Structures are given as C-alpha cells and as structure tokens.
Amino acid sequence: MNYVQIFKALGDQTRLEIILMLSHTEKMCACKILEKFEITQPTLSHHMKILSECGLVNTQKVGKWSHYSLNRELISDFRQFINNM
C-alpha cells in the first residue's frame, strides 16, 4: 500500500468530500456525485481517477455511467496505519 498516494489523494478538498459522501452509502453513481459539486464531468473523472489509482475507491461501469464505492478494506488498513503513528 502506498500511503503517500493516499495522503496526496486526501489532500484535496473535493476528493476528501467525495470520500465522505461514499462513506455513507454502499455505491454511488458518478451522476449523483456530480450533482453535489460545481465541477464539470471531466473534472470529476480526474478526481475519481486519482482516488481509484491509490486504491481508495472501486469503480464499476454500468451503461454509460460509473458507480463508485469505497475500498473499505484499504480504508481500514489505512486507519490502522494512522492509529499506529
């Protein structure tokens, strides 16, 4: 696990808010995430790519939309890493 990538991903306010949103649901469509922010779809895609690449978010394509969920196992490991600091 690359903790530096996770810290960098969480260092952005929008990405942190996306993680918080996903923590309250099992899965969320990109269209629903987009409704919560005043950003374009390409900007959302950029944020989601960063969150996916570091492993915080899982992606599932359904038709033309992507559905996102937290990688709860990685979140748990990361939380344990933080607690042991």
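Note that the structure is a prediction, hence the values are computed from the model and not measured. Counting begins at 1 with the first residue of the sequence. These values consider heavy atoms only, across backbone and side chains, with no hydrogens, waters or symmetry-generated copies.
Distance check: Trp65 CH2 to Gln41 CD gives 6.0 Å after rounding to the nearest 0.5 Å. Of the inter-residue distances, the one linking His46 atom NE2 with Arg15 atom CZ reads 5.5 Å to the nearest 0.5 angstrom. Remark: Ile39 CD1 to Leu34 CG distance equals 6.0 Å, nearest 0.5 Å. Taking CD of Glu26 as the reference point, atom NE2 of His67 lies at 12.0 Å (rounded to 0.5 Å). In this structure, the separation between CD1 on Ile19 and CG on Asn71 is 9.5 Å, given to the nearest 0.5 Å. Summarising the geometry, atom CG belonging to Leu22 is positioned 5.0 Å from atom CD1 belonging to Ile33; distances are rounded to the nearest 0.5 Å.
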Begin with the C-alpha distance, continue with both residues' side-chain angles, and end with the deciding distance and a verdict on side chain to side chain contact (heavy atoms under 4.5 Å, CB included) for Asp12 and His47.
CA-CA 9 Å; Asp12 179 88; His47 287 304; 3.4 Å; yes

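Under a hydrophobic-cluster definition in which Ile, Leu, Val, Met, Phe, Trp and Tyr are linked whenever side-chain heavy atoms come within less than 4.5 Å, directly or via other members, Met85 and Val4 are assigned to different clusters. Residues Leu70 and Leu74 share a single hydrophobic cluster, defined by chaining ILVMFWY side chains whose heavy atoms lie under 4.5 Å apart. Linking Ile, Leu, Val, Met, Phe, Trp and Tyr residues whenever their side-chain heavy atoms come within less than 4.5 Å places Met28 and Met48 in a single cluster.
Counting heavy atoms from C-beta on, the side chains of Asn2 and Cys54 never come closer than 4.5 Å. Using a 4.5 Å heavy-atom threshold, the side chains of Phe37 and Glu17 count as touching. Counting heavy atoms from C-beta outward, Ile18 and Val57 have side chains that stay 4.5 Å or more apart.
Considering all non-hydrogen atoms of both residues, Ala30 and Leu44 come closest at O-CD2, 3.5 Å. The shortest heavy-atom contact between Glu53 and Gln5 is O-OE1, 4.4 Å.
Using cut-offs of 30° and 60° on the angle between ring planes, the pair Phe7 and Phe78 is perpendicular.
Counting only N and O atoms by type, the side chains of Gln80 and Ser76 include no donor and acceptor under 3.5 Å apart.
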